[in-house]
Amino acid sequence: MAVGQVGAPLLDGAALRADFPVFERPTASGRPLAYLDSAASSQKPRAVIEALADAYGHHYANVHRGIYELSVDADSRYEAARTAVARFIGASSPREVVFVRNATEALNLVAASWGGANLGPGDLVLSTEMEHHANLVPWQQVARGTGAGLEYVAITDDGRLDLHDLRARLARGPKLLALAHVSNSLGTINPVAEITRMAHEAGALVVLDAAQSVPHMPVDVTALGVDFAALSGHKMLGPSGIGALWGRRELLDAMPPFLTGGSMITRVTLEGAEWNEVPWKFEAGTPAIAEAMGLAAAIDYLQSIGMDRVRAHERFLFERAWASLEDMPGVRLLGPASPDEHAGVIGFVVDGIHPHDVATILDSEGIAVRAGHHCAQPVMLRYDLPATTRASFYVYNDLDDVERLVDGIRTTQQVFGTA
Ligand code: PMP
């Protein structure tokens, strides 16, 4: 693994880019791709692409069914991937890790299964104003279906959770608090261990949307103390179509199934069925078998770098980008300024220029950023913005990408005559 020099980012982004075939692809601009949209989905290293091809080429059969050699091989690799996820996030057992399609499905599973069984009129669920729609709409649906109340913890002007508001709402005795570890639109890193302590003291379970944290920093669900956590493989260098829900064993054991059908049962008669043990109780039908193996390869790759170094690298890029952009006339940055509270995701607006136009001009320079509401429309409403532009960093980015972003924004202002 390439390490930069003193004063340079901890990782050598250019050397790491050699592991990712996508960077061999020319852009229409004639410049190399500056990929600053990893918060939406990350690129894939050759190790993951090859693991996926190897899984389909040499280890593929359905799992949990066969007794022949190939099926046993597929099964043991699928279960090894579960163990890899469990270790990566500090779960005490792989039995607490349920494979799902993505973080969205993980959050829907908890809302529908736990919420459906435990919520009713008079109960209260808390979410926050900074959530991705994936940690918002499922709770709205379950609140509607069960008659439970749903309230949102407010956010401050600089994009932090308002802990006074949280305390006041916890005093009302909610049964559950659903929050993001890292906001995908603001970049805020929430103080999850502290919030979880507060929530537990108030008797609420904590559901953590870890879609933007697990790929980018060390995350230990046991140390954080949360009760459930959701993640997506495609955001952490892995394949799409695979994600995970982690939950405390006793909670998962007590929850009814989410989807029903094959694999999640032990016995079926025409009158009814008995459920399999966790985690298989929650894995109805044929799962994403090869993709689980690809996710294990992504975890191996990230671990070979070290999550502390991933976080330090992104923090360095964040600090440099923030320092350049905060002084730029006509640029407004979202989220906390402190690098301790801000992940490698920068949402911004350029005065007088629509975020889609900013993203289009940047694209013409070979810089890929996201523009829009980032599936967080309440955040846009909170700051009275129609949309924002968002740049997000990962291991393959370096200072050159930061400089190109800053130059590209300057060019955009010149093109629109707002400079
Ligand atoms: N939560 C957060 C904070 C996210 O950023 C995202 C993806 N943008 C999701 C949940 C949903 O992830 P997925 O689309 O992979 O289900």
Side-chain angles (χ1 to χ4, degrees), residues 35-44 85 89 98-112 127-141 152-153 155 159-161 177-190 192 195 206-217 219 221 224 226 228-246 258-259 287-288 291-292 294-295 298 314 334-335 341-347 368-380 382 387-394:
Y35 188 73
L36 297 177
D37 196 22
S38 296
S41 203
S42 68
Q43 295 300 335
K44 319 301 169 195
V85 172
I89 61 170
V98 179
F99 278 130
V100 290
R101 276 184 306 146
N102 47 38
T104 302
E105 186 174 311
L107 295 164
N108 272 273
L109 194 166
V110 182
S127 183
T128 87
E129 280 184 6
M130 73 165 68
E131 299 309 307
H132 185 282
H133 297 162
N135 203 23
L136 235 167
V137 184
W139 300 109
Q140 292 177 343
Q141 286 297 95
Y152 304 100
V153 180
I155 47 184
R160 286 187 279 124
L161 275 185
L177 167 66
L179 87 160
H181 196 172
V182 170
S183 156
N184 69 309
S185 55
L186 301 168
T188 315
I189 304 172
N190 286 316
V192 172
I195 289 173
V206 175
V207 177
L208 188 68
D209 175 357
Q212 296 291 353
S213 59
V214 165
H216 300 283
M217 58 190 68
V219 173
V221 291
L224 288 173
V226 295
F228 295 98
L231 61 92
S232 283
H234 69 92
K235 291 188 198 284
M236 49 190 285
L237 310 181
S240 53
I242 185 85
L245 169 70
W246 168 82
F258 175 47
L259 301 175
E291 289 71 15
L295 176 58
E314 293 181 25
L334 280 83
E341 297 176 271
H342 205 128
V345 176
I346 302 185
V369 294
R370 176 58 59 104
H373 54 64
H374 314 290
C375 297
Q377 288 182 6
V379 173
M380 303 298 121
R382 167 67 177 78
T388 67
T389 310
R390 181 186 70 187
S392 50
F393 305 121
Y394 212 175

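In listed order, ligands and their atoms are each counted from 1. No hydrogens, no waters, no symmetry mates; every other heavy atom, side chains included, goes into these values. The model shown is predicted, which means the values in this text are computed figures rather than measured ones.
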Identify each donor-acceptor pair in which a side-chain atom of residues 99-107 lies under 3.5 Å from a protein atom, sequence neighbours left out, and give them as a table.
{"from": "R101", "atom 1": "NE", "to": "E105", "atom 2": "OE1", "distance (Å)": "2.7"}
{"from": "N102", "atom 1": "OD1", "to": "T104", "atom 2": "N", "distance (Å)": "3.3"}
{"from": "N102", "atom 1": "OD1", "to": "E105", "atom 2": "N", "distance (Å)": "2.8"}

With heavy-atom distances below 4.0 Å as the criterion, list the atoms of ligand 1 near Q212. 3 (C), 4 (C), 5 (O)
The protein heavy atom nearest to atom 2 (C) of ligand 1 is D209 OD2, 3.3 Å
Candidate pair S185 and H374, rule side-chain hydrogen bond (donor to acceptor under 3.5 Å, both in side chains), full reasoning: CA-CA 6 Å; S185 55; H374 314 290; over 6 Å; no
Would H234 count as a polar contact of ligand 1, with the cut-off being nitrogen or oxygen pairs under 3.5 Å? yes
So do the side chains of L186 and H342 get within less than 4.5 Å of each other, counting heavy atoms only? no
With a 4.0 Å heavy-atom cut-off (strictly under), which part of A180 contacts ligand 1: side chain, backbone, both or neither? neither
The atoms of ligand 1 lying under 4.0 Å from a heavy atom of S232, numbered in the order shown, are 12 (O), 13 (P), 15 (O), 16 (O)
Short side-chain to backbone donor-acceptor contact, E131 and A180, under 3.5 Å: yes
Give a yes or no answer on whether the side chain of T188 reaches the backbone of G159 with a donor-acceptor pair at less than 3.5 Å. yes
Ligand 1 atoms in contact with A211 (distance to a heavy atom under 4.0 Å): 1 (N), 2 (C), 4 (C), 10 (C)
For atom 4 (C) of ligand 1, what's the nearest protein heavy-atom neighbour? Residue, atom name and distance, please. H132 CD2, 3.4 Å
Do me a favour and list the nearest non-hydrogen protein atom to atom 8 (N) of ligand 1 with residue, atom name and distance? K235 NZ, 2.7 Å
Counting heavy atoms under 4.0 Å, the part of E105 that contacts ligand 1 is neither
Using heavy atoms and a threshold below 4.0 Å, how should the contact between T104 and ligand 1 be classified: side chain, backbone, both, or neither? both
With no hydrogens and no angle check, is any side-chain donor or acceptor of Y394 less than 3.5 Å from a backbone partner on P215? yes
Would you please name every residue forming a side-chain contact (heavy atoms from CB on, under 4.5 Å) with V345, sequence neighbours left out? A39, R390, S392
